[in-house]
Structures are given as C-alpha cells and as structure tokens.
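Notes follow once the structure below has been shown.
We use all heavy atoms of the structure for the numbers below, so side chains are in, but hydrogens, waters and symmetry mates are not. So you know, we letter chains A, B, ... as the sequences are listed, proteins then strands, and number each from 1.
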Amino acid sequence: MLRMLLLVNALGVLAAFAHTPEWPGWWNHFLLIAAFVQPILLLSLLVLCGARRWLAKLPYREGLAVVALLELAIAALVYLSLKNAIPLSELMGLPQFLLCTLIATCIALFYLDLRSRALSPAITEARLQALQARIRPHFLFNSITAVLSLMRADPKRAERALEDLADLFRVLMADNRQLVPLQDEFILCRQYLELEQLRLGERLRIDWHIERMPEEALVPPLVLQPLLENAVYHGIEPSSEPGEITINIYRNRDQVFIVLRNPYKGDGAKHHSGNKMALNNIRERLALHFDVEASLKTQVTGSMYQVTITLPYTARRP
Amino acid sequence: MSEALKVIIVDDELPARNRLKEVLEDCRDKLSVRLLAEASDGVRAVELMNEMAPDVMLLDIRMPGMDGIEVARHAQKLAAPPAVIFTTAFDAYAVKAFELNAIDYLLKPIRRERLLAALQKAAARRIGFSK
C-alpha cells in the first residue's frame with residue numbers, strides 16, 4: 001500500500017520533470033500535479049478497499065479492467081471538481097490527464113503483478129524456511145554444562161532448566177513460517193533468559209517493561225530471542241561486571257514497538273559478523289511478513305546499544 | 001603413584017567450574033589429583049599460576065577481559081610452565097590452541113574419561129620433566 005503511494009508520487013515527479021526539465025519550474029509543477037494526485041490516491045484507496053471482496057471474485061483480466069475504469073472515473077471526478085481551484089488545466093486538459101492516469105495505473109498494476117510473482121507463496125515460504133533462526137552452538141553446550149553442574153546439587157532446578165531447554169529447541173526446530181502471538185515469543189524469551197541466568201548469575205540483569213504489551217499481537221516467531229542472544233553475547237559476556245538488558249514492548253495505535261537496550265563496549269569489528277547476520281535475518285523475515293510496514297533499526301548511544309523493531313499491529317492472521 | 005597432580009581451574013562461569021570440580025573428583029579413583037584453586041578471570045589465573053606453580057591448568061578460552069589464549073601465552077613464558085588443557089564449549093579455537101602447545105583440548109560438556117586421559121597425559125609429561 002505504502003509502496004503504491006510512493007510509486008505514484010514518484011511518477012508525478014517524473015511527469016513534472018518531463019514537462020519542464022529546468023529545476024525551478026518542475027518543482028512547482030510537481031506540487032500542482034501532487035495536489036491532484038493525492039486526492040485521487042486517497043479516493044482510490046477507499047474505493048478499492050471497499051470493492052476488494054467483489055473484485056477478488058472477478059477473473060484476473062476483468063478485475064484489471066475494472067480497476068483501470070475505476071481509476072479513470074476517480075481521476076475525472078477529481079479533475080473536474082478541482083479544475084477551478086488549482087490551475088492545472090493550463091498544463092494539461094482532461095483527455096491528457098486521463099491518459100496519464102491510465103499510464104500510471106498500468107505501471108502500478110504491472111509492478112504489483114511482478115511483485116506478486118517474485119513473492120509468490122512458494123518462494124516466500126522457501127525464503128522463510130531458509131531464514132530459520134539459528135542459535136549459537138556455544139549457548140547450547142554451555143547450557144548443558146550448567147545443567148550438568150546442577151544435577152547433583154540441585155536436581156529440581158536441573159529439571160526445570162532441561163524443560164526450558166526443551167521448549168526453546170522445540171521452537172528453534174519448528175516450522176517457523178506462521179506468525180505467533182507476542183505472548184508466546186515473550187514466554188520463550190523468558191525461558192531463554194532463565195537459562196542464561198543459570199550460567200551468568202549476577203552478571204546478567206533483566207528489566208522487562210511489558211505493562212503495555214499487546215499479548216495477542218501477531219509477530220514472526222523468534223523475532224526477539226535472537227536479539228536477546230546477541231545482547232547477552234556482545235553486551236553481558238565480554239564484561240565481568242554486571243550488566244543490564246532492558247526490553248520495552250508496547251503498542252501505539254496500529255503499531256507494535258519492541259525496544260531492546262544493552263551495554264555496549266566499542267570493541268571494533270571482532271564480534272560483529274554474527275550480530276549482523278541475526279539482524280539481517282530478522283529484517284528479511286519482517287519484510288517477507290509485513291513488507292515496508294515493519295522495520296528494524298539499531299543505534300549506538302554512548303555505551304548503550306539499542307535495537308528498535310516496529311511492526312504493524314495485527315491480531316488475526318492476515 | 002608419586003605426588004598428586006596439582007590443578008587449577010579457570011572459567012568465568014560458576015556452573016562450569018562446579019561441574020569441572022565434580023568431574024575432577026570423579027577422576028580421583030584412577031589418578032591422584034589435587035585442586036589448588038580456581039579463578040573466574042584471566043588476570044587472577046596468571047596470579048595463581050605465578051604463586052602456586054600448578055602442574056595443570058584447566059583453562060576456558062572465552063572469558064571477559066583477558067581470555068584463555070592470552071593466559072596460555074603468559075604460561076609459556078614461565079620457566080616451568082603448567083600443562084595447559086583448554087576447555088571450551090565450541091570448536092573454533094583448536095588451531096590457535098595447539099599453536100600454544102596446549103597438551104589437550106576438551107569440549108564442554110566434559111566427560112570424565114576425556115578429562116582423565118588429558119590429566120594422565122599431563123602426569124606423564126611431568127614425569128618426563130623430572131627425569
């Protein structure tokens with residue numbers, strides 16, 4: 001959706017440019033065109049959203065034709081009602097304007113068609129499968145050592161740790177292509193941190209802020225756990241002093257925010273390849289599920305490293 | 001069997017040290033060993049090594065501050081260096097470890113049989129030195 005708005009506006013820029021190639025002139029023309037284009041885009045959004053179920057029932061070709069006709073009708077409507085308010089009519093008449101609309105619609109539809117082929121379910125599924133998050137082997141073996149160390153002294157705690165380990169690996173090895181409720185990911189992360197706590201004891205401090213967490217919001221599985229693993233590996237383990245990881249999860253209108261902070265020692269490129277891999281993996285999975293509506297950003301401020309994930313709030317499977 | 005093999009354990013994770021102590025204890029019916037001390041970081045390990053002149057150092061590689069590789073470099077400079085047995089969770093340092101003349105390289109979780117074999121190697125070397 002967002003991609004369409006950007007695309008059509010970019011076409012507007014091109015159209016203005018084609019009309020007046022000199023710099024001062026085309027900006028004004030772009031603004032003129034934009035004044036027409038925005039109402040058309042918004043109306044189109046409303047109309048196409050409203051007609052979406054009905055459109056989906058039509059055969060593909062007829063659907064395309066109907067969409068093109070709808071766009072032309074909307075364009076004509078907007079042109080005629082704004083004609084007096086905005087002096088675009090000096091630039092182009094109604095037939096020219098409709099032609100431009102038709103071209104823009106065709107380009108947009110063609111782009112969507114290409115995109116849906118590139119992201120066909122089979123390819124998306126395969127990509128998601130290939131992007132299965134991987135845990136560091138070093139974590140597994142250190143955790144098993146920690147569990148072994150409890151066997152004789154504290155068998156009850158050893159049992160719990162093994163159960164946590166089992167749950168964690170069940171998710172890691174599962175088919176992770178479907179979105180899951182945020183609550184599931186939260187529980188998994190707590191179990192993971194429980195295991196890390198076992199190894200690191202005092203050195204690892206966790207501060208959860210989840211009062212405003214939307215438990216039912218759907219997220220890609222393992223969207224947070226690999227980030228916590230990075231935070232432990234890069235933020236906690238390199239120091240013998242205690243360090244704190246802060247996790248803040250909340251919803252603001254239609255967006256879910258996951259913000260993670262950990263101490264950071266600028267120790268150069270030594271550890272960064274592993275970190276980048278996990279980040280790119282999550283980024284790509286977010287894109288496959290939510291396209292440009294989700295993002296992952298990292299930021300270093302002083303001695304803190306921060307990762308912010310933004311994703312659209314959805315409570316039902318799309 | 002002559003004098004007990006003097007061992008120090010170096011690992012930043014408490015559960016790992018505890019586990020190693022247990023396995024070391026399990027070796028005692030086959031080999032005379034004595035745990036001198038344990039350290040949770042590299043700097044302390046170097047101090048202990050200088051003060052106590054151990055025969056064997058069970059040395060974790062990945063530690064905050066001074067890591068195990070660095071500690072082993074210090075050990076090499078001693079007149080009578082301890083036998084270094086690296087202990088690590090993941091096999092990514094083996095080549096580096098053997099460049100440092102480590103006597104053995106154990107992967108966590110460590111089995112009694114593997115630890116025993118490594119300690120026996122160290123004991124044999126000590127006898128070799130004293131001749």
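- To the nearest 0.5 Å, atoms CG (B:Leu14) and CZ (A:Arg203) are separated by 10.5 Å.
- To the nearest 0.5 Å, the span separating CZ on A:Arg199 from CG on B:Asp11 amounts to 10.0 Å.
- Among residues 21-29 of chain B, the residues having any heavy atom closer than 4.5 Å to a heavy atom of chain A are, in sequence order, B:Glu22, B:Asp26.
- Contacts of residues 102-113 of chain B with chain A at a heavy-atom distance below 4.5 Å involve B:Lys108, B:Pro109, listed in sequence order.
- When heavy atoms are compared at a cutoff of 4.5 Å, A:Leu150 does not approach chain B at all.
- Within the 4.5 Å cutoff, no side-chain heavy atoms of A:Thr145 are placed close to those of B:Glu13.
- Chosen from A:His138, A:Arg152, A:Glu237, A:Met151, the residue pairing most often with chain B at heavy-atom distances under 4.5 Å is A:Arg152.
- With a threshold of 4.5 angstrom between heavy atoms, B:Asp12 approaches chain A through its backbone and through its side chain.
- Taking A:Leu200, A:Leu148, A:Leu198, A:Ile144 one by one and counting their heavy-atom pairs under 4.5 Å with chain B, the maximum is reached by A:Leu148.
- Heavy-atom neighbours of chain B within the stretch residues 239-246 of chain A, taken at a separation under 4.5 angstrom, comprise A:Ser239, A:Ser240.
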Side-chain donor/acceptor pairs under 3.5 Å, residues 69-87 of chain B, sequence neighbours excluded:
none

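- No other option in A:Ala153, A:Gly201, A:Ser149 has as many heavy-atom pairs under 4.5 Å with chain B as A:Ser149.
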